[in-house]
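Numbered from 1 within each chain, the chains take letters A, B, ... in sequence-line order.
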Amino acid sequence: MDAFFASVEQKDNSEFKGKPLIVGGSPQSRGVVAACSYEARRFGIHSAMVCAKAAQLCPEAIFVRPRMQRYKEVSLKIMSIFRKYTPLVEPLSLDEAFLDVTINSQNNPSATILAEKICKQIVSELGLTASAGVSFNKFLAKIASDLNKPNGISTIPPDQAIEFLSTLPIGKFFGVGKVTEKKMKQLGIENGLDLRRWDEEKLILHFGKSGSFLFNIVQGIDHRAVQPHRVRKSIGNETTLKFDSDNREQIETILSDLSLQIEHSLAKLKTNGYTITLKVRYSDFTTVTRSRTLRSPISCSRDILFHLPRLLNSTEAGRRKVRLLGISISNLTAEKSIPRQLQLPFPYY
Amino acid sequence: MALNCTISRNYLLEALNNIQNLTNKKGTLAILSNVLIESTNNGLILTGTDLEVGLRLFVPAEIHDKGSLTLPSKKIFEIVRESGSETITIEETDNSWVIIRAGLSKYNLAGVASDEFPEFPEFEEESFISFESHIFLELIDKIIYSIANEQENIYSLTAVLFEKEVRDGTSYLKMISSDGHRLSIMEKDVAANLDEMRLNDVTLIPKKGIQEWKKFCEGRDALEVSFEEKQLVLRDEDAVMIIRLKHGEFPKYSAILEAVQLENCLEIQRIPFLESLKRINLFTEDIFHTIQLKIENNLMILSSQNADLGNAKDEQSISYSGEPLSLGFNCRYFIEALQVMESETVEAYINSNNSPCLMKADDDVGFISIIMPMQL
């Protein structure tokens with residue numbers, strides 16, 4: 001979906017139409033832009049930008065708080081449109097999904113025509129525009145979907161894949177984030193063509209497991225199937241502090257709140273997990289994570305608070321100013337699969 | 001000077017036996033697996049340490065020539081243990097080699113020079129207070145099983161919290177241990193004046209120190225105790241033990257005590273309950289020893305199941321008139337607490353399946369055991 005949250009807001013409130021709209025924190029705040037309309041993007045605003053900066057770039061921008069519940073509603077409608085074409089729908093987020101249309105309800109052999117049909121149906125039923133990427137594997141389809149935004153479709157057919165990947169900047173490859181990108185560039189890998197010159201062993205040597213994945217995708221090979229029942233891998237929550245803080249007590253209070261929210265999510269999803277991860281982003285945006293895998297699963301805030309202090313002590317939180325705090329539980333297991341020893345309710349904070 | 005002495009086999013055996021736990025630790029400095037032997041005018045001083053606990057013992061001996069050296073603790077212990085002789089002679093030759101004679105047996109054993117052995121910590125001579133050993137034996141026995149084995153969070157639960165308190169003119173010593181799932185508290189009234197006992201804000205004695213303290217008490221009727229900032233010193237006329245204190249924090253256990261509501265009480269016969277738990281434990285799974293307790297009008301139904309074996313069920317008559325309860329527990333936690341108790345009848349306060357369960361009994365004065373349930 002194009003500028004999903006912002007588009008939903010513009011659709012629901014006619015006064016926002018055609019105007020720079022920002023969904024996220026308030027304009028003076030240190031919260032970030034969750035989504036912005038294309039009108040706002042013209043001012044150089046993009047998602048994840050600090051709101052105060054966005055307000056500076058575009059003083060007339062309208063700021064609204066996200067309404068996640070509403071976006072979820074719309075998302076369900078979008079997903080149900082997808083499912084009319086194929087049962088093989090793998091949602092990536094509220095507004096994005098992989099569809100395997102090899103076999104489809106229309107018996108149409110052209111994925112590009114199907115993509116057009118789906119986009120049209122979304123416009124006519126929901127009044128929102130979507131972009132689509134069509135190709136023969138997940139990686140290329142995802143890349144293609146970004147090529148012709150907004151309201152556009154692009155297709156990468158098999159015979160053009162290698163050529164397309166050759167010129168693709170290395171940062172656009174799946175799994176190549178900022179850090180890997182930098183490392184790649186240090187090794188002289190700027191684009192797909194450079195990457196293809198490397199053999200698999202060397203890539204593994206430099207990039208570990210993902211080396212092998214990169215070796216394959218740069219040759220257009222990605223065998224990952226579309227998984228309609230993708231299971232959740234982690235449950236977490238994070239929050240940006242109102243002000244950067246090195247006040248340990250305040251940090252602990254925030255973590256304590258987060259752990260309660262996670263307890264709620266764990267209970268709702270009837271799950272618990274063996275691994276707890278603490279994420280700390282310092283005021284200079286450097287981010288560290290600390291995690292610990294336990295013998296018995298974590299299912300409530302008391303468990304989280306039992307293990308958090310040690311994780312927190314291994315960060316510089318309290319000595320260095322912190323901007324964002326997050327906790328996540330992964331290595332999930334179904335609730336009640338094994339009996340769980342409860343912790344004594346010692347006061348941890 | 002080269003050491004040359006003759007010692008009673010039994011005295012030496014007993015002393016070496018007491019030192020084995022400190023010198024047989026794997027992965028430490030090589031010299032720490034040796035025992036330091038030093039002569040005095042009328043005997044030997046044997047020293048063993050793992051740097052956490054140090055023990056120094058006097059053994060009467062006939063000294064022919066004064067000297068000091070270190071010998072492999074385990075080997076000299078084995079030599080003495082296997083010997084049938086009444087006396088043992090140790091004679092240093094050169095380069096810390098010794099000839100050991102025991103009856104008709106003769107051993108050449110390689111030792112290490114004593115200057116490589118770590119210094120025995122110094123301690124202040126004042127501020128020792130005398131106690132009867134049984135006081136500490138009672139304290140330690142009641143809490144030793146619930147010390148945590150590994151540090152899992154910020155609290156130093158691998159150590160025992162030691163406290164003193166004066167209440168209504170009576171002095172008490174207290175030990176508290178917890179592994180995060182259960183908490184044991186034992187207090188004992190003492191006649192001694194505790195004013196001179198200098199404890200830190202949080203005095204923590206590591207598990208190893210507690211184990212050695214217990215052994216120290218087992219061989220004696222009385223001992224002297226002194227707390228310094230970083231160490232605990234135990235002694236009598238023939239022995240000194242120094243236990244390094246642990247630095248850290250212990251949870252505010254009083255918060256838990258206050259949180260337990262002493263309302264919903266069940267009374268149960270200790271020995272039959274203990275026996276029943278042992279039977280039910282035959283069918284629990286290995287790590288958590290989960291059992292289910294169903295409690296209703298004057299009846300407790302215990303059950304357990306094991307995926308490979310099957311299941312077990314047992315019944316106990318109790319005195320209970322509250323709401324029916326169904327909850328899970330680690331069976332071993334109950335067994336270990338009930339085993340150290342002495343009363344005929346035990347009171348258990350259970351409020352819900354996710355709040356702490358508290359056990360105490362009239363004849364186990366000063367003892368409280370708190371156990372968290374398991375979620376089934």
Heavy-atom pair with the smallest gap, counting every atom of B:Met372 and A:Gln343: CE-O, 3.2 Å
Does B:Lys174 NZ have over 12 foreign heavy atoms under 6.0 Å away? yes
Just wondering, are more than 12 heavy atoms of other shown residues or ligands nearer than 6.0 Å to NZ in A:Lys183? yes
Nearest 0.5 Å, what's the CZ-OG1 distance between A:Arg340 and B:Thr290? 12.0 Å
Hey, could you give me the CZ/CZ distance between B:Phe250 and A:Phe346, rounded to the nearest 0.5 Å? 6.0 Å
Do B:Gln375 and A:Leu342 make a side-chain contact, defined as non-hydrogen atoms from C-beta onward lying under 4.5 Å apart? yes
If the contact rule is any heavy atom under 4.5 Å from chain A, which residues of residues 325-333 of chain B qualify, in numerical order? B:Asn330, B:Tyr333
Greater than 12 external heavy atoms within 6.0 Å of B:Asp362's CG: no
Within 6.0 angstrom of B:Gln339 CD, more than 12 heavy atoms from elsewhere: yes
Measure B:Ser178 against the heavy atoms of chain A and call it side chain, backbone, both or neither at under 4.5 Å. side chain
Counting only non-hydrogen atoms closer than 4.5 Å, does B:Leu183 touch chain A with its backbone (N, CA, C, O), its side chain (CB onward), both, or neither? both
Contacting region of B:Ala255 [heavy-atom separation from chain A under 4.5 Å]: side chain
Give a yes or no on whether B:Glu165 atom CD has more than 12 heavy-atom contacts from other residues, nucleotides or ligands under 6.0 Å away. yes
Should the heavy atoms of other residues, nucleotides or ligands under 6.0 Å from CD of A:Glu316 be counted, would the total exceed 12? yes
